[in-house]
Amino acid sequence: MTIQQAAVKFSEMRNATKRLSLLNFIFIILFFCPFLAVDSQTQRPEPVYGFYKGGFYMSVLGGETAYIGGSLVQREQAYQNGLRTQATLGIMPVRMLGVLPFPQNFPLPNDKIQAGNTRRVSMEYGLTEHLGFFISYSTMSVVAQGNNQLAFPDRNSLNGYTNYVEAVPITNTLYKDRNYGLGLNYHFLSRNKFDPFVGLEVSILNFDAKYRTGQVNNLYYPTYTHPGTGIGGRVALGMNYYVTPEFGFSLEVFGARKILKSNAFSSESINHAGFQFGFIFNMDAIGKY
């Protein structure tokens, strides 16, 4: 074979290789084209902000109670007023730290009753575009600072002791509870970054309360705590703002009433109102996007 014939043969082989490469490329395109089309049709859905049907939300809130009332609080206030009146009239002696004399005409400090921090966690499911069902767990406490009625040994007394009013204010947790609730939220806007809502809730609860009666076995107020159970109702008006489809901020103002029962009393009540602030998470969006 001459050099010219070899060159012609090599050129033919190279052209055949090019044609084969082109056929392979066309085959690859035809093979993968359906899969590319399917992938383009199954793109991720557009992110949705706010509340919507089928959404699943978790909120974590904390805050302060601006108002506290009810018969349990009123009873403690009346008891404090009674102690101050007896001390002022000289009916009951006043001591400082149990041993130091206290001027009879010197006014005792006023009592203070204030609610502590509130904590709340709730899970909500979108039944419709505007209505959501939720379950919740929350806690609340009430702190009291005031005078205490105690007793000291007294051989001259028939009972072996004498009651006295302690002049130094003592701070104690008057009441604390754990609430297990369920309810409905109505959301005024759907699929919006701004999510104003109003909610109604009913709950059952268990609590621990200080309950002073003035009886001998109830004089040592700080050591006696009475457990009990109760039911409650709550109304809330709030606003959620979604920074992303998955996450946002939540603010609400609320009012609640609780009916209580324990081994120390048959029926007392706690009323409180305040505000809470925290975070909200769209668990449905977290799972999708």
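By convention here, the first residue in the shown sequence is residue 1. The structure presented is a predicted model; accordingly, all values stated were derived computationally and were not measured.
- In the hydrophobic clustering of this structure, V142 does not group with I231; members are Ile, Leu, Val, Met, Phe, Trp, Tyr whose side-chain heavy atoms approach within less than 4.5 Å, directly or through other members.
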Yes or no on salt bridge (Lys or Arg N to Asp or Glu O under 4.0 Å) for R191 and E129, after CA distance, side-chain angles and deciding distance? CA-CA 8 Å; R191 302 175 185 268; E129 289 293 308; 3.0 Å; yes
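- Inter-residue side-chain proximity for L205 and L260 is flagged as met; some heavy-atom pair is nearer than 4.5 Å.
- The shortest distance between side-chain heavy atoms of L182 and F133 falls below 4.5 Å.
- D284 and Y52 form a side-chain donor-acceptor contact under 3.5 Å, judged by distance and modelled atom types alone.
- Between F247 and N282, the closest side-chain pair of non-hydrogen atoms is not below 4.5 Å.
- Among residues two or more places apart in sequence or in another chain, the side-chain hydrogen bond (donor to acceptor under 3.5 Å, both in side chains) test is passed with S141 by none.
- Among residues two or more places apart in sequence or in another chain, the ring pair (Phe, Tyr, Trp, His ring centres under 6.0 Å) test is passed with F265 by Y211.
- In the hydrophobic clustering, F197 connects to no other residue, as no ILVMFWY side-chain heavy atoms lie under 4.5 Å from its own.
- Residues meeting the side-chain contact (heavy atoms from CB on, under 4.5 Å) test with V198, sequence neighbours left out: Y186, F188, L237.
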Passes side-chain contact (heavy atoms from CB on, under 4.5 Å), F281 versus E246? Steps please. CA-CA 6 Å; F281 303 90; E246 301 87 0; over 6 Å; no
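- No side-chain heavy atom of T139 sits under 4.5 Å from any side-chain heavy atom of N179.
- Separating the OG atom in S262 from the CD atom in E268 is a distance of 8.5 Å, to the nearest 0.5 Å.
- Evaluation of the salt bridge (Lys or Arg N to Asp or Glu O under 4.0 Å) rule for R257 yields no partner, not counting sequence neighbours.
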For a quick test of your reading: what N or O donor-acceptor pairs under 3.5 Å do the side chains of residues 119-126 make, sequence neighbours left out?
{"unit_1": "R120", "atom_1": "NH1", "unit_2": "S136", "atom_2": "OG", "d": "3.4"}
{"unit_1": "R120", "atom_1": "NH1", "unit_2": "E201", "atom_2": "OE1", "d": "2.9"}
{"unit_1": "R120", "atom_1": "NH2", "unit_2": "E201", "atom_2": "OE1", "d": "3.1"}
{"unit_1": "S122", "atom_1": "OG", "unit_2": "S59", "atom_2": "OG", "d": "2.5"}
{"unit_1": "E124", "atom_1": "OE1", "unit_2": "N185", "atom_2": "ND2", "d": "3.3"}
{"unit_1": "E124", "atom_1": "OE2", "unit_2": "H187", "atom_2": "NE2", "d": "2.7"}

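- A search for side-chain contact (heavy atoms from CB on, under 4.5 Å) contacts involving K193 returns Y49, Y241, not counting sequence neighbours.
- F275 meets the ring pair (Phe, Tyr, Trp, His ring centres under 6.0 Å) test with no other residue; sequence neighbours excluded.
- Annotation: side-chain contact (heavy atoms from CB on, under 4.5 Å) contacts of Y180 (sequence neighbours excluded): Y137, R178, I204, N206.
- Residues passing the ring pair (Phe, Tyr, Trp, His ring centres under 6.0 Å) test with F254 are H272, sequence neighbours excluded.
- For the residue pair K261 and S266, the shortest heavy atom distance occurs at CG-O, 3.3 Å.
- Here L174 contributes atom CG and R75 contributes atom CZ; the two are 11.5 Å apart, rounded to the nearest 0.5 Å.
- In this structure the side chain of L189 never reaches within 4.5 angstrom of the side chain of D195, judged on heavy atoms.
- The hydrophobic cluster containing F207 does not contain V143, counting ILVMFWY residues as joined when their side-chain heavy atoms lie under 4.5 angstrom apart, directly or transitively.
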Name each donor-acceptor pair under 3.5 Å that joins a side chain in residues 60-69 to protein atoms two or more places apart or in another chain, with its distance.
none

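- Distance check, rounded to the nearest 0.5 Å: CZ of F279 to CZ of F249 gives 6.0 Å.
- No donor-acceptor distance shorter than 3.5 angstrom exists from the side chain of D208 to the backbone of K176, with no hydrogens or angles considered.
- Note: N117 CG to Q276 CD = 10.0 Å, rounded to the nearest 0.5 Å.
- Other residues, nucleotides and ligands place more than 12 heavy atoms under 6.0 Å from the CD1 atom of I259.
- Scanning for side-chain contact (heavy atoms from CB on, under 4.5 Å) contacts around L200 gives V235, with sequence neighbours left out.
- To the nearest 0.5 Å, atoms OG (S203) and CD1 (I135) are separated by 13.5 Å.
- When all heavy atoms of Y242 and P245 are compared, the pair lying nearest together is CD2-O, 4.4 Å.
- Rounded to the nearest 0.5 angstrom, L184 CG and F134 CZ are separated by 7.0 Å.
- Of the possible polar contacts, none joining the T173 side chain to the Y175 backbone as a donor-acceptor pair under 3.5 Å is found.
- In this structure, N263 and H226 have side chains that are in contact, with non-hydrogen atoms separated by less than 4.5 Å.
- The backbone N or O of G278 lies less than 3.5 Å from no partner atom in the side chain of S250, so there is not a single donor-acceptor pair.
- Proximity of I113 to Q77: side-chain heavy atoms (C-beta onward) are separated by under 4.5 Å at one or more points.
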